[in-house]
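The figures that follow rest on heavy atoms only: side chains count, while hydrogens, waters and symmetry mates do not.
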Amino acid sequence: MAGRLASSNPQANALPFGWIGRTAKLTAIAGCDVRPRLAEDGIRTGDGLVDDGAPLDPAEFLLMCRLIINAVEDEMHGAARSRMLPGTANMVVRAMATSRNLEEAIATAARFFVIAGAYCRLELRTDDGVASLLIRSDSDDLQTQPVVEEMFMTFLHIQLSHLLGFMLPVSRFGTTSPRHPRLGGEHPYLLGLVVRSNVTGFAFPADYLAFPCRAPVGNLPRLEGEFAWIARHAEARGGALAAEDADNLSGEVYRSLLDRDRPFDDCSQALGLTPGELRRGLWLEGASFRRLRRAALVARARPHLLAGGGVEDLAEALGYSDGRSFRRALKSATGLGIAELREAETPLPGGAPGALLAALRREEVA
């Protein structure tokens, strides 16, 4: 498929068009087929239009949504009884960005959609340290309703993550459909376990509700959030991080690990922190030591892997006594084997092909 991010398993990073593209099919029936435009931007199967089995990664999914919105002039892809006019999403993102913390941002979004008379109602519940953000929509099509709600929850996850400055960690995504293609597995966009539920929504640790909203609001706030989300997905898939120049604790840890691999306690000592201080400091930034350690090891190993070096050469270059010691350290630090490390994808600048990002920007300002 032209224009697709390299991956050893593209399906792991995507939902099939046959599922997530149901609203695109509705617009095609109404005379607004966006698939030729998707094909123009490199999203196709072979030489034809995108088909039901074609996986859409996060950037491709967002482009499909934008094309549908612009085609039917409705933020809800023409799939609900009430309309949500283009521009509404940017308005709610700006309103959310004025909030002091994540809980206020969610409450702002819920109030906004009530006042705007939109197609949906949002509800936030907390129970035993878990926050659940739920949605109920007014779609006429019960087959399409779970997809419409899933799309909207993805929009919220994108913007809430952008406000935090890191990917909001979703533990569970609930769908009302028994036919969701990832039921029982990980959601490729929200990165949480997909389960059956009476209401569509996602769950995350309630502690994040008190986290401050950090992202500045630009001229195109929704697009800025989407670009950040796409980039973070690419980093997560490739095991890399754009943290070398970061002016925060995550950046300090990453630079320390780039110098040489260290276990957690050694790293905290090198930074003059107690293990508890380091652990909490990373948590407050939405980071984890294991992910930073993996990213640093991938960054140190990648030049040698690209040069075709063997395991013994790689071990020597990275300061290990032999290949066996390196394999053991690699597995302990990252959970990866040598083969998986070789297959780890190099994230593209911005997280997606430049033409795809340009298409998203073009559709945003259309």
J.: Can you find a heavy atom in the side chain of P169 that is under 4.5 Å from one in the side chain of Y208?
T.: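 In contact.
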J.: If I compare all heavy atoms of L168 with all of S161, which pair ends up nearest, and what's the gap?
T.: N-OG, 2.9 Å
J.: So R279 and F264, do their side chains get closer than 4.5 Å, heavy atoms only?
T.: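 Of all side-chain heavy-atom pairs linking R279 with F264, at least one is under 4.5 Å.
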J.: I need the full list of salt bridge (Lys or Arg N to Asp or Glu O under 4.0 Å) pairs touching residues 125-134, with sequence neighbours left out, sorted by first then second residue.
T.: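 The answer is E123-R125.
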J.: V199 and R136: which non-hydrogen atoms are nearest, and at how many Å?
T.: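 Reported closest heavy-atom pair: CG2-NH2, 3.4 Å.
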J.: Distance-only, no hydrogens or angles: does the R327 side chain make a donor-acceptor pair with backbone N or O of V311 under 3.5 Å?
T.: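 Between the backbone of V311 and the side chain of R327 there is no qualifying donor-acceptor contact (under 3.5 Å).
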J.: Does atom CD of E316 have more than 12 heavy-atom neighbours, drawn from other residues, nucleotides or ligands, at distances under 6.0 Å?
T.: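 It does not: E316 CD has 12 such atoms or fewer within range.
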J.: Give the C-alpha distance, both sets of side-chain angles, the deciding distance and a yes or no for side chain to side chain contact (heavy atoms under 4.5 Å, CB included) between I135 and L156.
T.: CA-CA 11 Å; I135 182 174; L156 286 174; 5.9 Å; no
J.: Would a 4.5 Å heavy-atom cut-off, applied to side chains only, mark E60 and F17 as touching?
T.: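 Counting from C-beta outward, E60 and F17 never come under 4.5 Å.
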J.: Of the options F61, F173, W19, which is the one that meets H187 in a ring-ring contact (aromatic ring centres under 6.0 Å, His included)?
T.: F173
J.: Should the heavy atoms of other residues, nucleotides or ligands under 6.0 Å from CZ of R196 be counted, would the total exceed 12?
T.: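 Counting other residues, nucleotides and ligands, CZ of R196 exceeds 12 neighbours.
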J.: Locate the shortest heavy-atom distance separating L38 from M64; write the atom from each residue and the value.
T.: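 Closest heavy-atom pair between L38 and M64: CD2-CA, 3.9 Å.
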J.: What side chain to side chain donor-acceptor pair (under 3.5 Å) pairs are there with at least one residue in residues 162-172, not counting sequence neighbours?
T.: none
J.: Taking E149 for the side chain and S137 for the main chain, is one N or O donor matched with an acceptor at less than 3.5 Å?
T.: yes
J.: Indicate if V194 and F152 have the same hydrophobic cluster label, given that clusters are the connected sets of ILVMFWY residues with side-chain heavy-atom separations under 4.5 angstrom.
T.: yes
J.: I'd like to know whether D52 forms a side chain to side chain contact (heavy atoms under 4.5 Å, CB included) with K25, so could you lay out the CA-CA distance, the side-chain angles of the two residues, the decisive distance to 0.1 Å, and finally the verdict.
T.: CA-CA 10 Å; D52 280 1; K25 294 180 180 180; 2.7 Å; yes
J.: Around atom CZ of R324, are there more than 12 heavy atoms of other residues, nucleotides or ligands at under 6.0 Å?
T.: no
J.: Closer than 3.5 angstrom, by distance alone: can the side chain of Q159 be matched with the main-chain N or O of R222 as a donor-acceptor pair?
T.: yes
J.: Under 4.5 Å between any side-chain heavy atoms of F204 and L190, yes or no?
T.: no
J.: Test your reading of the model: is there a side-chain donor-acceptor pair from E226 to the backbone of L62, 3.5 Å cut-off?
T.: no
J.: What heavy-atom pair brings L15 and P188 nearest, and what distance separates the two atoms?
T.: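 Closest heavy-atom pair between L15 and P188: CG-CG, 3.6 Å.
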J.: How close do M153 and L133 get, heavy atom to heavy atom, and via which atoms?
T.: CE-O, 3.2 Å
J.: Once rounded to the nearest 0.5 Å, what's the spacing between atom CZ of R100 and atom OG1 of T108?
T.: 10.0 Å
J.: Let's go through E364 and N90 carefully: what are the C-alpha distance in whole Å and the side-chain angles of both, what is the deciding distance for side chain to side chain contact (heavy atoms under 4.5 Å, CB included) to 0.1 Å, and is it a yes or a no?
T.: CA-CA 10 Å; E364 174 72 10; N90 272 316; 2.8 Å; yes
J.: Should the pair E40-R37 be classified as a salt bridge under the 4.0 Å nitrogen-to-oxygen rule?
T.: yes
J.: Can you check whether L63 reaches L360 side chain to side chain, under 4.5 Å on heavy atoms?
T.: yes
J.: Just verifying a value: how many Å separate M96 CE and L102 CG, rounded to the nearest 0.5 Å?
T.: 7.5 Å
J.: For S250, is there any backbone N or O sitting under 3.5 Å from a side-chain donor or acceptor partner on E285?
T.: yes
J.: Would you say that F166 contacts R214 through its side chain, given a criterion of any heavy-atom pair below 4.5 Å between the two side chains?
T.: yes
J.: In this structure, which one of D266, D265, D259 forms a salt bridge (Lys or Arg N to Asp or Glu O under 4.0 Å) with R262?
T.: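 Single salt bridge (Lys or Arg N to Asp or Glu O under 4.0 Å) partner of R262 among D266, D265, D259: D259.
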J.: In terms of hydrophobic clusters joined by side-chain contacts under 4.5 Å, are V130 and L191 together?
T.: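 Different hydrophobic clusters.
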J.: R232 side chain to G165 main-chain N or O, any donor-acceptor pair under 3.5 Å?
T.: yes
J.: May I ask you to test the F155-V92 pair for a side-chain heavy-atom distance under 4.5 Å?
T.: yes
J.: Below 30° counts as parallel, above 60° as perpendicular, anything between as tilted: where do the rings of W229 and H233 land?
T.: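 Plane angle over 60°, so perpendicular.
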J.: Flag the pair W283 / F211 as yes when their ring centroid distance falls below 6.0 Å, and as no otherwise.
T.: yes
J.: Compare every heavy atom of D322 with every heavy atom of S325, then report the nearest pair and how far apart it is.
T.: N-OD1, 2.7 Å
J.: Taking the side chain from E103 and the backbone from A210, do they hold a donor-acceptor pair closer than 3.5 Å?
T.: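 No; judged by distance alone, with no hydrogens or angles, the pair does not exist.
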J.: Nearest 0.5 Å, please: how far is CZ in F202 from OH in Y189?
T.: 16.0 Å
J.: Are L356 and L223 co-members of a hydrophobic cluster defined by side-chain heavy atoms under 4.5 Å apart?
T.: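 Yes: a chain of side-chain contacts under 4.5 Å links L223 to L356.
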J.: Could you grab the distance from atom OG of S321 to atom CD of E312, nearest 0.5 Å is fine?
T.: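 Those atoms lie 9.0 Å apart.
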J.: In sequence, state the C-alpha distance, the side-chain angles, and the governing distance for I20 and E150, and then conclude on side chain to side chain contact (heavy atoms under 4.5 Å, CB included).
T.: CA-CA 9 Å; I20 207 66; E150 183 174 1; 4.3 Å; yes
J.: Does V170 belong to the same Ile/Leu/Val/Met/Phe/Trp/Tyr cluster as L134, with side-chain heavy atoms less than 4.5 Å apart forming each link?
T.: no
J.: Within the distance-only criterion (no hydrogens, no angle test), does the side chain of S256 pair as donor or acceptor with the backbone N or O of E252 below 3.5 angstrom?
T.: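 A pair under 3.5 Å: no.
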J.: Is there side-chain contact between L282 and L249, with heavy atoms separated by less than 4.5 Å?
T.: yes
J.: Going from CG on L318 to CZ on F326, what distance comes out if it is rounded to the nearest 0.5 angstrom?
T.: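 Going from the CG atom of L318 to the CZ atom of F326 covers 5.0 Å.
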J.: Atom CZ of R111 and atom CG of L122: how far apart are they, to the nearest 0.5 Å?
T.: 11.5 Å
